Amino acid sequence: MQTYILLSLLISLLWGTQPLFHKMLLNNMNAATIMIISGAIYTLCLIIFAYLNKSTIENDVNHITKNDIIIISFTTIITVFLTNMIYYYVLKDHKSSIISALIYSCP
């Protein structure tokens, strides 16, 4: 089997566990708390990743355009932040198996 297929299936498996854990956390915490703590941990991982890829990132930043910044900002706000807020809101009151099947059925 092709490596990219195995890696894609691994990603699917890992992403598929996320709603299960989030559903458990939502029984004890508010979605905002989970988002903030997750974001802080993700930020720490990004800092480490940035340090390990410093020269590549510096090269890209030197060539970034205003249009690139607009596209990155728009996609981050719409496809990361806003979708996470909606995801937690829906997941809190509904079954994780149904929610995960629906959200991971994107094209």
Side-chain angles (χ1 to χ4, degrees):
M1 189 177 282
Q2 298 285 341
T3 304
Y4 75 93
I5 293 173
L6 291 174
L7 290 174
S8 297
L9 290 171
L10 176 62
I11 291 167
S12 179
L13 174 70
L14 294 174
W15 276 349
T17 62
Q18 185 176 2
L20 300 173
F21 292 117
H22 286 159
K23 184 69 171 175
M24 286 189 298
L25 291 171
L26 285 168
N27 290 327
N28 303 319
M29 289 185 219
N30 185 283
T33 305
I34 298 169
M35 285 179 65
I36 296 298
I37 293 171
S38 296
I41 294 168
Y42 187 76
T43 300
L44 178 62
C45 292
L46 281 177
I47 291 168
I48 294 167
F49 185 77
Y51 176 77
L52 296 173
N53 294 279
K54 183 179 177 184
S55 61
T56 302
I57 295 167
E58 286 175 348
N59 183 48
D60 284 345
V61 168
N62 289 331
H63 298 98
I64 200 165
T65 66
K66 287 182 183 180
N67 192 45
D68 295 333
I69 292 171
I70 291 169
I71 292 169
I72 292 169
S73 298
F74 177 78
T75 57
T76 301
I77 292 166
I78 299 300
T79 67
V80 179
F81 181 73
L82 183 60
T83 55
N84 271 324
M85 287 179 51
I86 297 168
Y87 160 76
Y88 283 114
Y89 173 77
V90 172
L91 184 63
K92 180 162 180 57
D93 297 322
H94 299 84
K95 292 181 180 181
S96 61
S97 58
I98 294 170
I99 300 307
S100 61
L102 290 171
I103 64 174
Y104 294 121
S105 65
C106 65

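As the structure is a computational prediction, the values presented were derived from the model and not from experiment. Throughout, residue positions are numbered sequentially from 1 according to the sequence presented. Hydrogens, waters and symmetry mates play no part in the numbers below; they use all other heavy atoms, side chains included.
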Legend entry - Which residues share a side chain to side chain contact (heavy atoms under 4.5 Å, CB included) with Ile77, sequence neighbours left out: none
Inset, instruction - State plainly whether one hydrophobic cluster holds both Ile34 and Met24, where clusters connect Ile, Leu, Val, Met, Phe, Trp and Tyr through side-chain heavy atoms under 4.5 angstrom apart. - result: no
Inset, instruction - Give the other cluster members for Leu10, using side-chain heavy-atom distances under 4.5 Å between Ile, Leu, Val, Met, Phe, Trp and Tyr residues; answer none if it is isolated. - result: Leu14
Legend entry - Contact summary for Lys23 and Leu91, nearest pair of heavy atoms: NZ-O, 2.8 Å
Inset, instruction - Answer yes or no: are there more than 12 heavy-atom neighbours, outside Leu82 itself, under 6.0 Å from its atom CG? - result: yes
Inset, instruction - Kindly write out the residues that satisfy side chain to side chain donor-acceptor pair (under 3.5 Å) with Asp68, not counting sequence neighbours, or none if the list is empty. - result: Thr65
Just list the side-chain donor-acceptor pairs under 3.5 Å for residues 99-107, sequence neighbours left out, or say none.
{"from": "Ser100", "atom 1": "OG", "to": "Ser96", "atom 2": "O", "distance (Å)": "2.8"}
{"from": "Ser100", "atom 1": "OG", "to": "Ser97", "atom 2": "O", "distance (Å)": "3.3"}
{"from": "Tyr104", "atom 1": "OH", "to": "Trp15", "atom 2": "O", "distance (Å)": "3.0"}
{"from": "Ser105", "atom 1": "OG", "to": "Leu102", "atom 2": "O", "distance (Å)": "2.6"}

Inset, instruction - Look at the side-chain heavy atoms of Ile, Leu, Val, Met, Phe, Trp and Tyr, link any pair under 4.5 Å apart, and say whether Leu20 and Met35 land in one connected group. - result: no
Legend entry - Residue pairs involving residues 53-98 (criterion ring pair (Phe, Tyr, Trp, His ring centres under 6.0 Å); sequence neighbours excluded): His22-Tyr87, His22-Tyr88
Legend entry - Of all pairs that satisfy ring pair (Phe, Tyr, Trp, His ring centres under 6.0 Å), the ones with a partner from residues 28-59, not counting sequence neighbours: none
Legend entry - Hydrophobic cluster (4.5 angstrom, side-chain heavy atoms) - remaining members for Ile37: Ile41
Inset, instruction - Under 4.5 Å between side-chain heavy atoms, chaining through other members, with only Ile, Leu, Val, Met, Phe, Trp and Tyr counted: pull out the rest of the cluster around Ile64, sorted by chain and number. - result: Ile69, Ile72
Inset, instruction - Quick one: closest heavy-atom pair of Thr83 and Thr79, and the distance? - result: OG1-O, 2.7 Å
Legend entry - Partner residues of Asp60 under the side chain to side chain contact (heavy atoms under 4.5 Å, CB included) criterion, sequence neighbours left out: Thr56
Legend entry - Set of residues satisfying side chain to side chain contact (heavy atoms under 4.5 Å, CB included) with respect to Leu13, sequence neighbours excluded: none
Legend entry - Remaining members of hydrophobic cluster (4.5 Å side-chain criterion), Leu7: none
Inset, instruction - List in chain and number order the residues that pass side chain to side chain contact (heavy atoms under 4.5 Å, CB included) with Gln2, two or more places apart in sequence or in another chain; answer none if no residue qualifies. - result: Tyr4, Ile5
